[in-house]
Amino acid sequence: MPRDLFATERNVVGMKKVFNVTADCKPSLHYMVDITERLRQIKDMVDRGEYFTINRARQYGKTTTLRALEDFLKDDYLVVSLDFQAFSNEDFKDERSFVQTFSREILEALDSVESIMTEPRSWFESCSREKEENVSLSVLFQYLMMWCRQSEKRIVLLIDEVDSASNNQVFMDFLALLRRYYIIRDKKKTFQSVILAGVYDIKNLKRKLRPEDAHRMNSPWNIAAEFRVDMSFSKKDISGMLSQYEEDYHTGMDVERMAGLLYDYTSGYPFLVSCLCKLIDEQVPCNSVYPDKKSAWTKKGFLKAVRILLAEKNTLFESLAGKLTDYPELKKMMYAILFSGEKITYNPDNPIIDMAAMFGFIRNENSRLAVANRIFEVRIYNFFLSEEEVNSRIYIEGSIEKSRFIKEGRLNMRLVLERFVACWEELYRQEDEPFIEKNGRKFFLLFLRPIINGTGNYYIEAETRDSKRTDVIVDYLGEQFVIELKIWHGDEYNRRGEAQLAEYLDYYNLKKGYMLSFNFNKKKKTGVKEIELEDKILIEAVV
């Protein structure tokens, strides 16, 4: 049944679309951003006859893009779409098993087997039924190339989840033959284009191989064109999707503001955008605070969805934590960025940086490494902090005294700082300067986290995070707090910091800000004081 007719019938019976976070998205069933322009850019690559890989982090919309691309290309090309997740380990145990399964999947991938010319089709059918004697990769490619020569339409081969097959010799041999036939395409008619999709770039598959197997790569994919199509969602993309939703539900939401919030927290990571939208739509409006969708599609409802997301387990977050555990150097680098404020230059030749970018942990921001988005950043912060919470004395203090800081649903941030100063003096006063520089910010977050946990959110303003200064933004039941954490570097530096914080408060339309200074001056005066700076009030704590 045509897609648009199917969508119409759903509307007739009153079944509206939903936000989708599992498998691929379908326009007739799910709210989606318009990816038409992306598809046009990919088709341009296909028209040029390029072979390329779509490698993006997990749940970045690769499968959705491939499914949509299949429809987008079918008027001009014969598209053969395969998924290597359908192959078992047994299918890759040897050449014969792979070729038999590959042949079977080709036959199942096409709407009509008549799309395959008679002689190749007979061989594929015989091979898939395990009746063919002459089975090998070289013979497979003979019939694939025969099909390419005889087909009225040029053939495009799409293979999804290709890296699930990477640790196999037969797969490397398959890639090598693809490369060979691409190189001689001026002499023999071959595939118009080959598109492989997965987390790992084919050129980086050696990361998945055991060291003794690294020789398998042998540059079988050094012909791959660079894939530069931006698959993240822009604020405009998100706004368009929310407008579709608003046409159905008439919540009265400020579409542009909600799109801005979603983009600010996710940097357009497709799964995170859809997940937050799904939470706001389905889980937030279920109590007296958010009785309906109108109350949910607000900033407070959005922040509630962020709290739910950060507290839940899902395959993306499990993969995130798994990679930090599996790759100690990656973990060390992320820790240095987050807690030490190290400014690390983006260098794709560094294997750890290249890996972090491939997994979607980081992005290149003005030639420096930055965590990919706020959601990832807070989740990784929480990952590191949770490793220390059980044995952290200052975390225990924050947990014990949590109720003191909340009165009538409002967070008393001045009292939080006062109590932190007292705990610090009690616990860490005798520590040396290197210890404080390395751990000061971490200890404040350990103290803060149990106080706001479950009700508030926090994130770190990336633009101000360095070895001297960090701004923590806290949202608590709709009220926002900006806390500057800094290392003391003299009175003049401190005055500049106060002026910078005042400017930052203007950005957030706030009249009150907070400053926590870690001071190594032996004559320092610890405690909390209030400073008036023009029309602003700064609450400054010194330890």
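This one's a predicted model, so the numbers in the text were calculated from it and none came from an experiment.
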### Task
With sequence neighbours excluded, tell me which residues meet ring-ring contact (aromatic ring centres under 6.0 Å, His included) with Y476.
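By the ring-ring contact (aromatic ring centres under 6.0 Å, His included) rule, Y476 matches no residue at all.
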
### Message
Going by the rule ring-ring contact (aromatic ring centres under 6.0 Å, His included), which residues pair with F361 if we only count those two or more places apart in sequence or in a different chain?
### Response
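Partners of F361 by the ring-ring contact (aromatic ring centres under 6.0 Å, His included) criterion come out as none, since no residue qualifies.
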
Using a strict cut-off of less than 4.0 Å between a Lys/Arg side-chain nitrogen and an Asp/Glu carboxylate oxygen, indicate whether [X] and [Y] qualify as a salt bridge.
| X | Y | value |
| --- | --- | --- |
| E387 | K331 | yes |
| D264 | K235 | no |
| D535 | K511 | yes |
| E365 | R368 | no |

Should the heavy atoms of other residues, nucleotides or ligands under 6.0 Å from [atom1] of [X] be counted, would the total exceed 12?
| X | atom1 | result |
| --- | --- | --- |
| K536 | NZ | yes |
| R48 | CZ | yes |
| K294 | NZ | no |
| K153 | NZ | yes |

[X] side chain to [Y] main-chain N or O, any donor-acceptor pair under 3.5 Å?
| X | Y | result |
| --- | --- | --- |
| T455 | I452 | no |
| Q192 | D47 | yes |
| T53 | A197 | no |
| S295 | D292 | yes |
| T64 | G61 | no |
| Q59 | P270 | no |
| R363 | V371 | yes |
| S340 | E342 | no |
| R441 | F339 | no |
| K17 | P27 | yes |

Identify the two heavy atoms, one from [X] and one from [Y], that lie closest to each other, and give their separation to 0.1 Å.
| X | Y | answer |
| --- | --- | --- |
| D248 | K16 | O-CE, 3.3 Å |
| I35 | T65 | CD1-CA, 4.4 Å |
| A372 | G360 | CB-O, 3.1 Å |
| N20 | A23 | ND2-O, 3.7 Å |

Going from [atom1] on [X] to [atom2] on [Y], what distance comes out if it is rounded to the nearest 0.5 angstrom?
| X | Y | atom1 | atom2 | answer |
| --- | --- | --- | --- | --- |
| L320 | R379 | CG | CZ | 8.0 Å |
| Y263 | L272 | OH | CG | 13.0 Å |
| L485 | Y514 | CG | OH | 14.0 Å |
| S399 | E389 | OG | CD | 7.5 Å |
| R419 | I400 | CZ | CD1 | 9.0 Å |
| L261 | L303 | CG | CG | 7.0 Å |

Distance-only donor-acceptor pairs under 3.5 Å for side chains of residues 279-289, two or more places apart:
{"unit_1": "D281", "atom_1": "OD1", "unit_2": "Y245", "atom_2": "OH", "d": "2.5"}
{"unit_1": "D281", "atom_1": "OD1", "unit_2": "K293", "atom_2": "NZ", "d": "2.7"}
{"unit_1": "E282", "atom_1": "OE2", "unit_2": "K278", "atom_2": "NZ", "d": "2.9"}
{"unit_1": "N287", "atom_1": "OD1", "unit_2": "V289", "atom_2": "N", "d": "2.9"}
{"unit_1": "N287", "atom_1": "OD1", "unit_2": "Y290", "atom_2": "N", "d": "2.9"}

Taking side chain as C-beta onward, heavy atoms only, is [X] less than 4.5 Å from [Y]?
| X | Y | answer |
| --- | --- | --- |
| I353 | I362 | yes |
| F227 | M45 | yes |
| L276 | F302 | yes |
| V156 | F191 | no |
| L445 | Y381 | yes |
| V273 | M241 | yes |

Test side-chain hydrogen bond (donor to acceptor under 3.5 Å, both in side chains) applied to [X] - qualifying residues, sequence neighbours left out:
| X | answer |
| --- | --- |
| Y346 | none |
| N412 | none |
| R374 | Y459 |
| R257 | none |

Could you label the plane-to-plane angle of the [X] and [Y] rings as parallel, tilted or perpendicular, counting under 30° as parallel and over 60° as perpendicular?
| X | Y | answer |
| --- | --- | --- |
| Y507 | Y504 | parallel |
| W297 | F19 | tilted |
| Y60 | Y269 | perpendicular |

### Query
Checking K323 against F359: charged group under 6.0 Å from the ring centre and within 45 degrees of the axis?
yes

### Task
Begin from the C-alpha positions of V528 and I539 and carry the test side-chain contact (heavy atoms from CB on, under 4.5 Å) through to its verdict.
CA-CA 7 Å; V528 177; I539 308 299; 3.6 Å; yes

### Query
Judged by modelled atom types alone, do T470 and E484 share a side-chain donor-acceptor pair under 3.5 Å?
no

### Message
Whether the N373 and T266 side chains hold a donor-acceptor pair (N or O, under 3.5 Å, no angle test) is what I'd like checked.
### Response
no

### Query
Does anything in residues 30-41 pair up under salt bridge (charged side-chain N to carboxylate O under 4.0 Å, His left out), and if so which pairs, sequence neighbours excluded?
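Non-adjacent pairs meeting salt bridge (charged side-chain N to carboxylate O under 4.0 Å, His left out): E37-R40, R38-D237.
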
### Task
Give every residue pair that meets the salt bridge (charged side-chain N to carboxylate O under 4.0 Å, His left out) criterion with at least one member in residues 75-85, sequence neighbours excluded.
K43-D76

### Task
From the options L157, V79, V46, select the one residue that forms a side-chain contact (heavy atoms from CB on, under 4.5 Å) with I195.
V46

Name all residues meeting the salt bridge (Lys or Arg N to Asp or Glu O under 4.0 Å) criterion together with [X]; count only those two or more places apart in sequence or in a different chain, and write none if there are none.
| X | result |
| --- | --- |
| D254 | none |
| D24 | K26 |
| R414 | E418, E530 |

